[in-house]
Amino acid sequence: MIDYKRQCQEMVENQLISRGIQDELVLSAFGKVPRHRFVPKEFLDSAYGDHPLPIGEGQTISQPYMVALMTEALQLKGQERVLEIGTGSGYQAAILAEIAMEVYSVERFEILASRAKRVFEELGYSNVKVKVGDGTLGWEEFSPYDGVVVTAGAPHAPKPLVDQLKEGGRIVIPIGGSFSQMLTLVIKSRGKVSSQNICGCVFVPLIGEEGWKANKKLR
Ligand code: SAM
């Protein structure tokens, strides 16, 4: 039998704390969310490994450290409404749901969205709502958001996401080409938008009206 609890604790210590993740709310969320419930059965023995894993449809569940870095950059305190673009396995949304008040997540693949919804139900994450659609257009109905996390690589920060962000809100988004991007923090303050580089990263492409076009060769 795999000791997931121990693997989870080791992930927090060896992959997150040792690399500088300090936010107690983030570390505590990673200690609670059972990552093995979000990965396909064939990868159960490496669910807590220091790498992304395939989840079907050519998509991935991100490396734990990357999920932690993106979550920490949002500086959540507990009362927030957060939007995630790219539900994928649902793992990042579950981490956000442990910290924030409400999480809204958009996924373009129906099969991934319905799988993630099932896991949220089984684990009791009632503060996460998922919809199938083009996340580059955001989810206007529940806006404005305190934070937005985009878990796919974009050519630029989609305008609808900036528009749907609260004053003082933060967007964490990988921006760049198809082979690598810069994880970028976008802050909206007094009507102005500024951005800061966090680190280099590699994500699957954000496909949509305000992202990359499907089937078009990427940069
Ligand atoms: N957050 C996910 C997790 O925790 O497993 C990882 C997501 S994976 C790296 C990126 C996801 O973004 C994929 O599931 C992909 O289908 C999705 N995606 C790409 N473009 C999208 C779009 N325009 N709207 C919504 N989802 C999109």
Side-chain angles (χ1 to χ4, degrees), residues 11 16 26 29-30 32-40 43 46-49 51-74 82-100 103-120 123 125 128-140 145 147-161 164 171-176 178-181 183 201-216 218:
M11 172 190 76
L16 309 187
V26 175
F30 272 81
K32 287 184 201 153
V33 178
R35 184 169 163 96
H36 60 281
R37 296 294 303 274
F38 295 88
V39 308
F43 299 115
S46 54
Y48 293 87
H51 45 71
L53 286 168
I55 55 170
E57 309 307 312
Q59 307 303 318
T60 53
I61 173 173
S62 304
Q63 177 196 27
Y65 173 65
M66 191 49 71
V67 179
L69 197 61
M70 293 174 93
T71 309
E72 191 170 64
L74 291 178
V82 181
L83 175 67
E84 179 195 28
I85 307 305
T87 317
S89 69
Y91 181 68
Q92 166 86 74
I95 294 286
L96 293 168
E98 286 285 351
I99 306 172
V103 179
Y104 297 87
S105 185
V106 187
E107 171 56 52
R108 60 187 283 266
F109 286 105
E110 160 81 53
I111 187 165
L112 297 180
S114 56
R115 234 185 257 153
K117 269 194 217 169
R118 197 176 335 123
V119 181
F120 296 145
L123 296 177
Y125 286 111
V128 184
K129 283 197 166 48
V130 178
K131 86 164 177 179
V132 177
D134 177 3
T136 67
L137 304 177
W139 192 343
E140 196 165 14
Y145 300 97
V148 178
V149 58
V150 181
T151 67
H156 57 264
K159 184 170 181 300
L161 302 185
Q164 291 171 27
I171 302 178
V172 183
I173 178 170
I175 296 179
S178 56
F179 297 112
S180 66
Q181 304 91 28
L183 188 63
C201 58
V202 179
F203 277 83
V204 294
L206 182 75
I207 310 282
E209 213 171 302
E210 296 277 337
W212 298 104
K213 303 294 166 248
N215 299 325
K216 194 177 159 193
L218 305 180

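Remember, it's a predicted structure, so these values are computed and weren't measured experimentally. Counting starts at 1 for both ligands and their atoms, following the listed order.
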### Message
Testing the 3.5 Å rule here: is there a donor-acceptor pair between the side chains of Q92 and S62?
### Response
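Their side chains do not contain a donor-acceptor pair, so the 3.5 Å distance test is not met.
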
### Task
Check whether the side chains of E84 and S105 place a donor and an acceptor atom closer than 3.5 Å, and report yes or no.
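A donor-acceptor contact under 3.5 Å links the two side chains.
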
Contacting atoms of ligand 1, where contact means under 4.0 angstrom from a heavy atom of [X]:
X: V106; answer: 25 (C), 26 (N)
X: T87; answer: 1 (N), 2 (C), 3 (C), 5 (O)
X: Y91; answer: 4 (O)
X: S89; answer: 3 (C), 4 (O), 5 (O)
X: Q92; answer: 1 (N), 4 (O)
X: L112; answer: 14 (O)
X: G133; answer: 24 (N), 25 (C)

### Query
Which is it for E84 and ligand 1 at heavy atoms under 4.0 Å: side chain, backbone, both or neither?
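It is the side chain that gets close, since no backbone atom is under 4.0 Å.
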
### Message
Once you restrict to heavy atoms under 4.0 Å, what part of Q59 touches ligand 1? Side chain, backbone, both or neither.
### Response
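Side chain only.
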
### Query
In chain order, what residues pass the ring-ring contact (aromatic ring centres under 6.0 Å, His included) check against Y48, with sequence neighbours excluded?
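Scan of Y48 (ring-ring contact (aromatic ring centres under 6.0 Å, His included), adjacent residues dropped) gives H36.
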
### Query
Listed by chain and number, what are the side-chain hydrogen bond (donor to acceptor under 3.5 Å, both in side chains) partners of Y104, not counting sequence neighbours?
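Checked Y104 against side-chain hydrogen bond (donor to acceptor under 3.5 Å, both in side chains); matches are E102.
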
### Query
Which residue from E210, E209, R108 reaches closest to atom 18 (N) of ligand 1 through any of its heavy atoms?
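Ranked by closest heavy atom to atom 18 (N) of ligand 1, first place is R108.
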
Based purely on interatomic distance, does [X] place a nitrogen or oxygen under 3.5 Å from a nitrogen or oxygen of ligand 1?
X: G135; answer: yes
X: G86; answer: yes
X: I207; answer: yes

### Query
With a 4.0 Å cut-off on heavy atoms, is P205 touching ligand 1?
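Yes, that is the case, since the closest heavy atom of the residue is under 4.0 Å from the ligand.
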
